[in-house]
Amino acid sequence: MRIFRTLVPAAFGLGFSLLSAVPVSAQPAGKALAEFSNALEDLAARVSPSVVQIFVTSYAPPDEDEPGATGEPVVERTSGSGVILDPDGYIVTNAHLIEYATRLEVELPVSEAAGPPGRSILKRRGRIVGAQVVAIDLETDLAVVKVEARGLPVLPFGDSDSLRAGQIVLAFGSPLGLRSSVTMGVVSAVARQLAPEDPMIYIQTDAPINPGNSGGALVDTEGRLVGISTLIYSQGGGNEGIGFASPSNIVRNVFDQIRKTGRVHRGAIGVYSQTLTPLLAEALRVDLEAAVVLADVEAGGPAARAGLEPGDLVLSLDGKRMENGRQFRINLYTKGIGDTVVLDVVRGGRRFTARVAVAERDDDTGRLKDLVSLQSGVRALGILALDLSPRVATLLPPLRRQKAAVVASVSSAAPFSQQGRLQPGDAIYTLNGKLVESVADLNNALSALEPGSATVLQIERGGTLMYLAFRLERQR
């Protein structure tokens with residue numbers, strides 16, 4: 001089974017008969033269907049102006065195993081979709097659509113004024129404007145871009161937690177570049193994980209998602225945004241009716257944080273949770289059918305300060321019953337920094353309530369950006385960087401060296417390599433074999449190179465050493 005992330009939102013196919021969804025006992029079936037059709041038409045007219053097409057000029061990684069491969073990146077042009085969430089030009093889309101973009105353009109909606117009968121059924125093209133990346137959040141595969149425009153039509157948020165399997169949903173976007181498409185289907189499942197320890201969950205639909213679908217809107221029958229179409233499961237790359245969308249409650253959290261602070265702050269309470277399985281309950285002599293075990297509680301962390309201990313059993317979080325460790329982690333994932341969660345806890349047969357403050361996650365490399373200053377820029381690489389200090393080291397996994405230039409933030413001007421772009425948290429050790437022990441060393445080494453020079457960085461990323469090779473572009 002392969003996972004394909006696509007460039008444009010989902011198109012939905014019905015695998016059931018709509019007749020069963022229409023009440024026909026009190027009126028003729030034809031009239032009921034006509035009213036249902038009119039309702040969908042009105043909904044499409046309301047939602048479509050808030051869903052835009054995004055044109056992306058980006059790097060495509062070259063295949064180093066191809067005969068004659070040079071390692072030079074190839075520029076390609078693709079398209080996807082986005083959803084307007086702020087009238088002042090803020091648009092949410094998928095990170096994988098724009099991650100390696102060198103240029104972004106957005107086709108803004110055209111206001112549909114009432115016209116005389118017999119007007120053309122072909123819609124006018126909207127105005128195409130340039131867009132800038134505000135921030136990319138790889139962990140949720142979401143991104144926010146900005147266009148210079150005001151008074152744009154906004155799509156309101158719905159509550160993705162209230163979705164149920166079988167509920168009718170509609171997808172809006174530009175599948176295969178076919179702009180302003182609307183399709184329909186159902187919610188197949190409400191909380192799918194792609195990996196056991198992945199805190200990110202998805203809405204599963206029977207949407208036939210095709211290339212060009214990423215970033216489009218999944219809406220309910222009230223026209224509220226309940227998801228952002230993201231990816232498909234497929235054996236061969238085509239649609240097989242298993243599509244996934246990022247839930248709107250997660251989208252709202254990511255969007256709001258990026259609008260306010262420019263990045264996403266990750267919350268944690270300092271525990272490691274596990275599911276109380278029947279075997280574990282029997283061994284621990286616990287008479288509970290469903291609960292979450294706090295297998296570890298970080299010393300000095302928020303949970304410890306709230307009085308929690310290893311072995312405590314959590315029955316609910318903010319009044320919601322907790323039946324497994326995965327559910328517990330997912331519910332914590334949506335909480336903001338500074339929020340307080342209320343846990344219903346059992347310890348040794350005694351039941352009590354614990355109020356735990358949500359703190360920022362220690363291993364979040366996004367926190368590096370908070371430490372940068374005006375002297376942190378490395379213009380030739382399109383990054384902000386920091387000297388590796390004890391403070392910076394606390395935000396990174398253990399490194400092999402004590403001195404380096406650490407990437408804090410990456411812009412769209414960063415050069416592209418076979419391994420992609422630099423990422424926040426990368427520790428740069430050498431440039432063309434020359435030792436780099438500080439940001440000043442890195443800038444000095446770059447200043448000695450001519451534009452177009454073959455350049456290679458040795459970096460450490462996630463405990464692994466690797467090379468990033470590229471041609472140095474002229475500084476902008």
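Position 1 is the first residue of the sequence, and the numbers go up from there.
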Less than 4.5 Å apart, any side-chain heavy atom of Leu155 and any of Val47? yes
Salt-bridge test for [X] and [Y]: reply yes if a basic N is under 4.0 Å from a carboxylate O, no otherwise.
| X | Y | result |
| --- | --- | --- |
| Arg150 | Glu148 | no |
| Arg471 | Glu450 | no |
| Asp318 | Lys335 | yes |

Quick one: does [X]'s side chain have a donor or acceptor within less than 3.5 Å of a partner on [Y]'s backbone?
| X | Y | value |
| --- | --- | --- |
| Asp426 | Leu422 | no |
| Arg46 | Glu222 | yes |
| Thr275 | Gly325 | yes |

Polar contact flag, side-chain donor to acceptor under 3.5 angstrom, Thr57-Thr102: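 Note: Thr57 and Thr102 side chains miss the donor-acceptor criterion.
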Show your reasoning for whether side chain to side chain contact (heavy atoms under 4.5 Å, CB included) applies to Glu139 and Arg266. CA-CA 10 Å; Glu139 189 163 314; Arg266 306 289 180 200; 3.3 Å; yes
One pair to check against side-chain hydrogen bond (donor to acceptor under 3.5 Å, both in side chains): Asp137 and Thr140. What are the steps and the verdict? CA-CA 6 Å; Asp137 185 48; Thr140 57; 2.5 Å; yes
Apply the test side chain to side chain contact (heavy atoms under 4.5 Å, CB included) to residues Thr464 and Glu460: give CA-CA distance (whole Å), side-chain angles for both, the deciding distance (0.1 Å), then the verdict. CA-CA 5 Å; Thr464 300; Glu460 182 175 352; over 6 Å; no
Are Arg179 and Gln53 close enough, and set up right, to give a side-chain hydrogen bond (donor to acceptor under 3.5 Å, both in side chains), and what steps lead you there? CA-CA 7 Å; Arg179 67 189 183 96; Gln53 189 167 11; 5.4 Å; no
Mark yes or no: Arg259 above the aromatic ring of Tyr90, with NZ or CZ under 6.0 Å from the six-membered ring centre and no more than 45 degrees from the axis.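 Geometry flag: set, cation within 6.0 Å and 45°.
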In terms of the angle between their ring planes, are Phe416 and Tyr100 parallel, tilted or perpendicular, with boundaries placed at 30° and 60°? perpendicular
Before you tell me yes or no, could you show the steps for Thr340 and Val356 under side chain to side chain contact (heavy atoms under 4.5 Å, CB included), namely the whole-Å CA-CA distance, both residues' side-chain angles and the distance that decides it to 0.1 Å? CA-CA 5 Å; Thr340 298; Val356 187; 5.9 Å; no
For a quick test of reading the model, state the closest non-hydrogen atom pair linking Gly223 to Leu43 and the distance between them.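 Gly223 and Leu43 have their closest heavy atoms at N-CD1, 3.7 Å.
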